[in-house]
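Presented below is the structure to which this report refers.
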Amino acid sequence: MRQWRKGRREAEEVNLLPVMNLMVTLIPFLLLGAAFYKLGNIPTSIPPNVPAGEAPPPTDKKITVTCAVDPDKITLTVSGAGLDEAGADALAAVFPNKGNGADLKGMTDYLDGLKGQYPKSDTVVFAPHDALTYQELVRILDATREKQLPGKDADGEPLSRPLFPVTVFSQTRTAPPEEATDAAGEAGQ
Amino acid sequence: MKLKRRRNKKKPGLMLTSLLDMFTIILIFLIVSFDSENQEFELNTDLTLPESTAKQPFKAAANVAITRNGVLVENVPVATLSNGIARPSDYEARQIPELVDALERILAVRVNRVETEEEASEENIVMLQADRGLQYKTLYLVMRSATIAGFDKYRLTVMKK
């Protein structure tokens, strides 16, 4: 009976106060350095200023897609050394706006088909109208860079198939005056 | 009666175990989300980044931010914008002269601090932070100014969906 009493007296609680002190110090420090957002990058370029004669000759197995973005439609044209004018015309496509915005799904499906025909191609040249907003530009870039597939990979990221990941920005194309004014007004709000 | 007396002797202690459990969970969450690579990058609070499905991991470079009020290089204002629009003379000249000057100075400093040419080629990259409502003509104007200053590659900073 005495032994049992002794045992109960020895089973005291562990002093957790030093551990709590450590936690209280560590948590504010980590809170300051914590990132509650996830950033990403979209690598892009614009054409370098080189004379036309110095440009490298295009290969016949690659095509370059030019994506002209207008306020009411997106026009895709294709160029490549192995393509004659009739062939390039046959591959061109126009995607009028659907609903509130551009028909990005139709454009992605079409680019997926082009990628199937010319698997080594990876470059798209952008020629947007000058009032296009940055958010809309990024949405169109996403639609040309990869096609989203159903399901997720091992890291929990959505599955996707690369289309034309190399992006080159071309000069701006001035929209008609009344459209440019409207767009500037909307952006200013 | 004896049993009652014994109970009274015991001091009631503060239950720290559940609090400690909570702190441990918070600590693990914070350690996981602590990203030491992003420490040199400062997100500009005057702009809202666009959302994107981009999977490319974030990598810092020369920081150029375009807000509705101006252009900042490494968080220093170098040019003013009026609601995201530059001066008409800048669009005509297809460059912002103050931005070109600032970027040339930045590039000279960045190239001088590296030793090999391979490292130098990594220095002429601009990381662009721009407001989601910014018009393409201003974005292109800034990119073209950067090209004139010697930066020929760009990373558009976006918020992952």
Side-chain angles (χ1 to χ4, degrees), chain A residues 13-17 19-20 22-24 26-27 29-31 33-49 69 126 128-139 141-143 145-146 148 157-158 160 165 167 169-174 180 183-184 186-189, chain B residues 13 16-17 19-20 23-24 26-27 29-31 33-36 38-39 41 43 48-59 61 66 68 83-85 91 94 125 127-128 130-141 143-144 146-148 152-161:
Chain A
E13 275 187 27
V14 184
N15 188 6
L16 294 176
L17 279 175
V19 187
M20 292 289 292
L22 183 74
M23 293 279 191
V24 171
L26 271 176
I27 286 173
F29 169 73
L30 288 171
L31 266 175
F36 296 102
Y37 48 81
K38 266 191 174 181
L39 292 175
N41 279 327
I42 302 178
T44 61
S45 63
I46 64 173
N49 289 324
V69 185
F126 265 90
H129 65 90
D130 57 9
L132 185 76
T133 61
Y134 186 39
Q135 173 68 74
E136 194 61 23
L137 175 73
V138 169
R139 279 186 65 226
L141 280 177
D142 286 346
R145 280 182 18 257
E146 57 193 16
Q148 300 294 326
E157 296 275 339
S160 60
T167 307
F169 284 119
S170 174
Q171 293 180 35
T172 57
R173 294 177 312 111
T174 310
E186 281 170 21
Q189 284 168 5
Chain B
L16 292 176
T17 317
L19 196 62
L20 195 67
F23 273 169
T24 308
I26 293 173
L27 193 70
F29 169 75
L30 288 174
I31 288 172
S33 63
F34 188 83
D35 194 350
S36 58
N38 285 359
Q39 292 300 302
F41 169 75
L43 189 65
T48 313
L49 291 177
E51 289 185 343
S52 167
T53 56
K55 285 180 185 162
Q56 189 119 354
F58 179 79
K59 210 174 168 187
I66 316 167
R68 288 186 177 275
N83 205 11
I85 306 290
Y91 291 110
R94 297 173 69 200
I125 302 174
M127 181 183 65
L128 278 174
D131 189 86
R132 60 171 64 173
L134 191 82
Q135 291 188 14
Y136 178 72
K137 63 176 179 182
T138 310
L139 187 73
Y140 187 79
L141 184 70
M143 286 199 284
R144 199 175 144 72
T147 304
I148 293 167
D152 57 1
K153 288 176 193 161
Y154 313 95
R155 290 186 188 136
L156 305 182
T157 308
V158 290
M159 202 72 83
K160 278 186 184 178
K161 270 185 185 170

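Quick note on labels: first sequence line is chain A, next is B, and so on, each numbered from 1. Scope of the values below: all heavy atoms of this structure, side chains included, with no hydrogens, waters or symmetry mates. Predicted, not measured: the structure shown is a model, and the values here were computed from it.
Most heavy-atom pairs under 4.5 Å with chain B: of the set A:L141, A:V19, A:V138, A:T167, this distinction falls to A:V138. Ranked by heavy-atom pairs under 4.5 Å with chain B, the first of A:L137, A:I42, A:N41 is A:N41.
When ring centroids are compared, B:Y154 and A:F169 stay outside the 6.0 Å threshold.
Scanning both residues, A:L132 and A:E136, for their nearest heavy atoms gives CD1-CG, 3.7 Å.
Both the backbone and the side chain of A:I27 come within contact range of chain B, each with at least one heavy atom under 4.5 Å from a heavy atom of that chain. Both the backbone and the side chain of B:L20 come within contact range of chain A, judged by heavy atoms closer than 4.5 Å. When heavy atoms are compared at a cutoff of 4.5 Å, B:T48 does not approach chain A at all. Contacts between B:I66 and chain A at a heavy-atom distance below 4.5 Å are absent for every atom of the residue.
The pair A:R139-A:D142 fails the salt-bridge criterion, with no side-chain N (NZ, NE, NH1 or NH2) lying under 4.0 Å from an Asp/Glu carboxylate O.
No hydrogens or angles considered: a donor-acceptor pair under 3.5 Å links the side chains of B:T138 and B:Y91.
Here the options are B:T157, B:L156, B:V158, the test is side-chain contact (heavy atoms from CB on, under 4.5 Å), and the partner is B:L49; only B:T157 passes.
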